Amino acid sequence: MLCGGAIEVRKVFTEDTVGKEVTVRGWVHRVFKVGGKVFAWVRDPTGVVQVVFEKSSLPEGTWPQVKKLTRESSLEVRGVVREDPRAPGGREVLAKTLKVYGFSPPFPIRGKEEIEFLLDIRHLWLRSRRMTAIMKIKHTILKALREWLLREGWWEVTPPILTGSAVEGGATLFEVKYFDKKAYLSQSAQLYLEVLIYSLGKVWSLTPSFRAEKSRTRRHLSEYWHLEIEGAWYDMEDTMKVAEEMVAYAVRKVLEERREELEFLGRDVSKLEPALETPYPKITYDEAIERLKAKGFNIEWGDDLGADEERALTQDFEKPFFVTHFPKHIKAFYMKPDPKRPEVVLGYDLLAPEGYGEIIGGSQREDDYDKLLQRIKEEGLNPKDYEWYLDLRKYGTVPHSGFGLGVERLVMWVAGLDHIRDATPFPRWRGRIYP
RNA sequence: GCCGGGGUAGCUCAGCCGGUAGAGCGCCGGGCUGUUAACCCGGUGGUCGGGGGUUCGAGUCCCCUCCCCGGCGCCA
């Protein structure tokens, strides 16, 4: 029972309501006016039910309001549930009373609008069944990721969003005014998480991250939700295990709890099922290059993997897989070189299949003071900005590793979306900041 | 930043070799007692993204500019 004595629309169908009086509330999803009857499909967060209005069943004075009902008008109806094969879902509500909360002017979305228009009225588009399904899936993914981490004993911490310096390079930072100084919106909590492992051991955070890249791809947002973990005494392999177990758990939860939404989105769930099984395959960067050469790519050892290359690699796997041991020069300064092969780092990406590509990037961190300082200098960064970070290697350094997961990337793959913007209600990229 | 596509009615689009704009849907009015993207009849609807130029005349040709979409690089 909802507040005010109403029931969820779904319950009209799932509970023993036939012949009984119920109150439903929601928005008019569609309305048909036929002769002396009006059919309104009423939508709430749980479903859609057909409400039938007949003049003879309604109190004096209500009929003119019924005639004025429009799409997206909000209302409350008390009526009797009855079975009728002509009603969607086999049941409908014959209205006895109507309370209109707000009439709606003509709703601008009817189903064949262009993306540009839809993005401008995103605040209305979010009412669609498609966006609702995606947001429910995202909810379940976030819940599952949290559940897994809490169950495994990871501490949730709260790193800052306003930061004084870059994590990796300065070109992609959003600059903000900070009193009489400059500050930046965080693009990763990693450095702060590294601080916190010295007291808590295993930590994680879920925060927005910001990238000012002028990206124009279907896999980039300027603002996205970033799940990051960092563990003391975790080596690269240890965090890869965390990554695959956590992802597998999230996929399992979505398959258990969001079946209906996946179906509505047309997602082929058989493509997700292989991801339930861990461990995930692992290939080295060297092997990736070999595979790509065999596929006819013009690529040499030392080149970074581009979008086409990544997509081609995902064709070889039916579940997420790791690519490990990248050349040092294409990765961030904080990654620890492989002691056995100093030209590569102890870093990895987790790529989702079906062309989706990278959803996680992780590494073991450089834990030696001198080597880290040298890498900072090599990158042209100012060691002064990283003094506190370098201190971590001075005061009782410890081997440690971690990764960052792009929540919207994970949602995109699980839900089978063709653009990351739909994995978040109010996407920000390039110039888009409205609504 | 680079490459490609686009901006005409509220929406989706058409508009030829330059002659001051059309359709469908929506909306409004009327009709219809079971609609499922309802249907039928009538009506309504435009600074053709912005600026400049060529021309007797520009949605159409030329120049500049703004915005949007797709792709690349970068990344999660």
Side-chain angles (χ1 to χ4, degrees), chain A residues 29-41 48-57 67-68 70-71 82 84-90 92 94 104-121 124 167-169 171-172 186-190 206-228 243 247 303-311 326 330-332 348-352 356-363 402-413 418-421 423-424 429-432 434:
Chain A
H29 185 62
R30 206 159 278 166
V31 61
F32 306 98
K33 297 169 184 177
V34 183
K37 287 187 182 178
V38 171
F39 301 88
W41 293 3
V48 179
V49 66
Q50 172 162 286
V51 174
V52 184
F53 295 96
E54 291 176 1
K55 193 174 180 182
S56 58
S57 313
K67 300 279 273 188
K68 272 165 52 193
T70 52
R71 209 167 164 172
R82 61 187 188 189
D84 192 312
R86 295 167 298 188
E92 64 188 14
L94 177 65
S104 170
F107 201 62
I109 301 173
R110 283 180 313 280
K112 50 176 183 178
E113 289 71 24
E114 277 232 311
I115 187 66
E116 179 183 347
F117 178 67
L118 287 171
L119 287 169
D120 287 339
I121 52 164
L124 300 177
V167 173
E168 21 190 310
T172 62
S186 170
Q187 55 181 197
S188 167
Q190 181 195 317
L206 178 60
T207 62
S209 273
F210 303 88
R211 304 278 165 103
E213 297 150 0
K214 289 195 170 176
S215 309
R216 262 232 75 86
T217 85
R218 55 182 68 191
R219 308 176 4 156
H220 287 85
L221 291 168
S222 301
E223 176 183 331
Y224 67 98
W225 283 84
H226 206 172
L227 180 75
E228 292 170 276
V247 167
D303 295 342
D304 208 350
L305 303 180
D308 289 343
E309 288 81 10
E310 217 175 87
R311 208 170 296 125
F326 291 89
I330 58 172
K331 288 294 180 183
Y348 57 89
D349 287 347
L350 180 67
L351 310 198
Y356 283 99
E358 184 174 359
I359 54 178
I360 285 178
S363 69
F403 65 73
L405 176 152
V407 173
E408 286 78 9
R409 290 256 178 106
L410 180 57
V411 171
M412 186 185 173
W413 163 57
D418 58 14
H419 202 297
I420 198 166
R421 64 180 159 226
T424 199
W429 75 82
R430 227 161 44 187
R432 187 163 285 279
Y434 178 93

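Naming: A, B, ... by sequence-line order, numbering from 1 per chain. Computed from a prediction, not measured in an experiment: that's the story for all the values here.
At B:C69, one or more side-chain N or O atoms of A:Arg432 fall inside 4.0 Å of OP1 or OP2 (strictly under the cut-off). Taking only side-chain nitrogens and oxygens, A:Arg216 never comes nearer than 4.0 Å to OP1 or OP2 of B:G71.
Summary of the strand contacts: A:Phe117 and A:Arg311 both lie near RNA chain B, and taking for each the nucleotide with the nearest heavy atom, the more 5' one is attributed to A:Phe117.
Here A:Pro106 lies in heavy-atom contact (under 4.0 Å) with sugar-phosphate atoms only. Backbone-only contact: A:Arg421 has heavy atoms under 4.0 Å from sugar-phosphate atoms and none from a base. Using a 4.0 Å heavy-atom criterion, one finds that A:Asp84 contacts the bases of the nucleic acid, with or without backbone contacts as well. Within the 4.0 angstrom heavy-atom criterion, no nucleotide atom of any strand lies near A:Ser209.
Residue A:Ile115 has its side chain nearest to B:C69 when only B:C69, B:U33, B:C74 are considered. Of the candidate nucleotides B:G71, B:G10, B:G34, B:G10 has the atom lying nearest to any side-chain atom of A:Arg110.
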Please tabulate, one pair per line, each protein N/O and nucleotide N/O from nucleotides 37-45 of chain B that are separated by under 3.5 Å, including the distance.
| residue | atom | partner | partner atom | Å |
| --- | --- | --- | --- | --- |
| B:A38 | N6 | A:Lys33 | O | 3.0 |

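A donor N or O paired with an acceptor N or O is not found under 3.5 Å between the base of B:G73 and the side-chain atoms of A:Arg219. Between the side chain of A:Glu54 and the base of B:U33, no donor-acceptor pair of N or O atoms lies under 3.5 Å.
At least one side-chain heavy atom of A:Tyr356 sits under 4.5 Å from a side-chain heavy atom of A:Met412.
In this structure, A:Arg211 contributes its side chain and A:Ser222 its backbone to no donor-acceptor pair below 3.5 Å.
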